[in-house]
Chemist: 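Submitted below is the structure of interest, expressed as structure tokens.
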Amino acid sequence: MSPASLILTLVTLQRLGELVLSRHNTSRLLARGAVEVGAGHYPLIVSVHAGWLIALWIWGRGQDVNLAAIAAYLALQGMRVWVLASLGPRWTTRIIVLPGEPLTLSGPYRYFSHPNYAVVVGEIALLPLALHLPALAVIFTLLNLAVLAIRVRAETRALRMVGGPRTSAP
């Protein structure tokens, strides 16, 4: 297995694991009375991310790996873990809000409103660059930014409408 294929295998497994965790957290939140907001754009997000991975597998699996770009990509994984740890059981790939619950303002949320999206923007650009695929980096960065424009507006609106008191604990 080439280094690029190994990297793509690990990224694919990570994404699948995140979907399992998201589904688990979503189910638990909905059982507690949470509601999903902005579900209409969710298939767009899934399509962009799936298309990104598929394109990387098609054109990147045999490529050499740019060590600086993959090191930057790996550094983003530390930020991803920080986001997941800060949100805990409230992390999901969907916009799920629990009315009356305080907003999380700890971890990276102390500094950014949407730190997970910053991580994703970096990942979508860096992984193709790590595999010497700059055109894919540009194409999927632009697609992701378009979907995120919709997503961030929907999430910000939802959090304003149902957000409870602000707190620094998840």
Side-chain angles (χ1 to χ4, degrees), residues 1-23 25-26 36-87 90-97 104 107-160:
M1 179 179 288
S2 72
S5 290
L6 177 60
I7 289 165
L8 291 172
T9 298
L10 293 172
V11 170
T12 301
L13 291 173
Q14 175 191 20
R15 292 300 199 261
L16 291 172
E18 288 172 358
L19 288 175
V20 169
L21 176 61
S22 174
R23 187 169 286 159
N25 287 346
T26 297
E36 182 172 5
V37 178
H41 71 272
Y42 188 71
L44 290 172
I45 292 173
V46 171
S47 296
V48 168
H49 286 255
W52 175 74
L53 267 176
I54 291 166
L56 288 171
W57 273 105
I58 291 170
W59 288 291
R61 70 176 177 260
Q63 295 285 89
D64 290 330
V65 177
N66 176 312
L67 295 179
I70 202 66
Y73 182 89
L74 290 172
L76 283 175
Q77 300 318 296
M79 181 73 153
R80 177 179 289 285
V81 169
W82 195 21
V83 166
L84 289 168
S86 297
L87 288 177
R90 290 167 67 175
W91 181 86
T92 159
T93 58
R94 296 177 175 271
I95 302 173
I96 307 293
V97 291
T104 299
Y109 291 89
R110 182 178 308 148
Y111 309 106
F112 303 103
S113 296
H114 302 284
N116 193 61
Y117 303 146
V119 170
V120 172
V121 167
E123 289 174 332
I124 284 182
L126 281 170
L127 194 53
L129 292 176
L131 300 176
H132 304 282
L133 299 168
L136 286 183
V138 171
I139 291 165
F140 282 98
T141 294
L142 292 174
L143 289 171
N144 183 53
L145 289 174
V147 173
L148 279 179
I150 297 166
R151 171 73 169 213
V152 169
R153 275 195 305 270
E155 186 171 309
T156 300
R157 231 179 1 259
L159 292 174
R160 278 193 198 128

Chemist: Which distance, rounded to the nearest 0.5 Å, do you find between the OG1 of Thr141 and the CG of Asn144?
Modeler: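 Separation between the atoms: 7.0 Å.
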
Chemist: Check Pro108 against Met79 and note the closest heavy-atom contact, atom names and distance.
Modeler: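 For Pro108 and Met79, the tightest heavy-atom pair comes out as CB-CE, 4.0 Å.
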
Chemist: Is the count of non-hydrogen atoms from other residues, nucleotides or ligands lying under 6.0 Å from Arg80 atom CZ greater than 12?
Modeler: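 Enclosed: over 12 neighbouring heavy atoms sit under 6.0 Å from CZ of Arg80.
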
Chemist: If we only count heavy atoms from C-beta on, is the Glu36 to Ile95 side-chain gap below 4.5 Å?
Modeler: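 Contact flag for Glu36/Ile95 side chains = no.
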
Chemist: Between the main-chain N or O of Gly38 and the side-chain N or O of His41, is there a donor-acceptor pair closer than 3.5 Å?
Modeler: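 Present.
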
Chemist: So, Ser5 side chain and Met1 main chain: donor-acceptor pair closer than 3.5 Å or not?
Modeler: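 Checking the backbone N and O of Met1 against the side chain of Ser5, no donor-acceptor pair under 3.5 Å is found.
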
Chemist: Test the Arg94-Tyr42 pair against the cation-pi criterion, namely NZ or CZ under 6.0 angstrom from the six-membered ring centroid and within 45° of the ring axis.
Modeler: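 Yes, Arg94 sits over the ring of Tyr42.
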
Chemist: Where do Leu129 and Asn66 come nearest, in terms of heavy atoms and distance?
Modeler: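 The pair with the smallest heavy-atom distance is O-CB, 3.9 Å.
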
Chemist: Between Pro128 and Ala125, what is the shortest heavy-atom contact and its length?
Modeler: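 Here Pro128 and Ala125 meet closest at CD-O, 3.4 Å.
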
Chemist: Does the Ser86 side chain pair with the main chain of Tyr109, one donor and one acceptor, at a distance under 3.5 Å?
Modeler: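 Not at all, since once roles are kept as given, no pair shorter than 3.5 Å links the two residues.
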
Chemist: Without hydrogens or angle criteria, can the side chains of Thr92 and Thr26 be said to hold a donor-acceptor pair below 3.5 Å?
Modeler: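 Per modelled atom types, Thr92 and Thr26 side chains form a pair under 3.5 Å.
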
Chemist: Can you give me the closest heavy-atom contact between His49 and Ile124, atom names plus distance?
Modeler: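 What the structure gives for the nearest pair is CE1-CD1, 3.9 Å.
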
Chemist: Fit a plane to each ring of Tyr117 and His114, take the angle between them on a 0 to 90° scale, and name the class: parallel (under 30°), tilted (30 to 60°) or perpendicular (over 60°).
Modeler: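 It falls in the parallel class, under 30°.
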
Chemist: Write down the atom of Leu131, the atom of Ala4, and the distance for their closest heavy-atom approach.
Modeler: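 Smallest heavy-atom distance, with atoms named: CD2-CB, 3.6 Å.
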
Chemist: Is it the case that the side chain of Thr104 and the backbone of Leu87 share a donor-acceptor pair, with hydrogens and angles ignored and the cut-off at 3.5 Å?
Modeler: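 No: the side chain of Thr104 does not pair with the backbone of Leu87.
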
Chemist: Is it true that Thr12 and Trp57 share a donor-acceptor pair across their side chains at a distance under 3.5 Å?
Modeler: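 Result is yes, a qualifying pair exists.
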
Chemist: Start with the C-alpha distance between Glu123 and Arg15, add both sets of side-chain angles, then the distance that settles salt bridge (Lys or Arg N to Asp or Glu O under 4.0 Å), and finish with yes or no.
Modeler: CA-CA 12 Å; Glu123 289 174 332; Arg15 292 300 199 261; 2.8 Å; yes

Chemist: Without swapping roles, check the side chain of Ser22 against the backbone of Thr93 for a donor-acceptor pair under 3.5 Å.
Modeler: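 Flag set: sc Ser22 to bb Thr93 pair under 3.5 Å.
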
Chemist: Quick one, Leu143 and Trp52 - any side-chain contact, counting heavy atoms below 4.5 Å?
Modeler: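 A side-chain contact is absent here, since even the closest heavy-atom pair is not under 4.5 Å.
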
Chemist: Kindly indicate whether the side chain of Trp82, heavy atoms from C-beta on, has any atom under 4.5 Å from the side chain of Gln77.
Modeler: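 No. Closest side-chain heavy atoms not under 4.5 Å.
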
Chemist: In Å, rounded to the nearest 0.5 Å, how long is the span from CG of Asn25 to CG of Leu21?
Modeler: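 Rounded to the nearest 0.5 Å, the CG-CG separation comes to 4.5 Å.
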
Chemist: So do Val37 and Glu155 actually touch side chain to side chain, heavy atoms under 4.5 Å?
Modeler: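 They are not in side-chain contact.
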
Chemist: To check you understand the geometry: which heavy-atom pair defines the closest contact between Leu76 and Gly122, and what is its length?
Modeler: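 Shortest heavy-atom separation between Leu76 and Gly122 comes out as CD1-C, 3.5 Å.
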
Chemist: Are side-chain heavy atoms of Leu127 and Leu8 found at a separation under 4.5 Å?
Modeler: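 In short, these two side chains touch, coming nearer than 4.5 Å.
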
Chemist: When rounded to the nearest 0.5 angstrom, what is the spacing between CZ in Arg153 and CG in Leu148?
Modeler: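 Reported value, rounded in 0.5 Å steps: 11.0 Å.
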
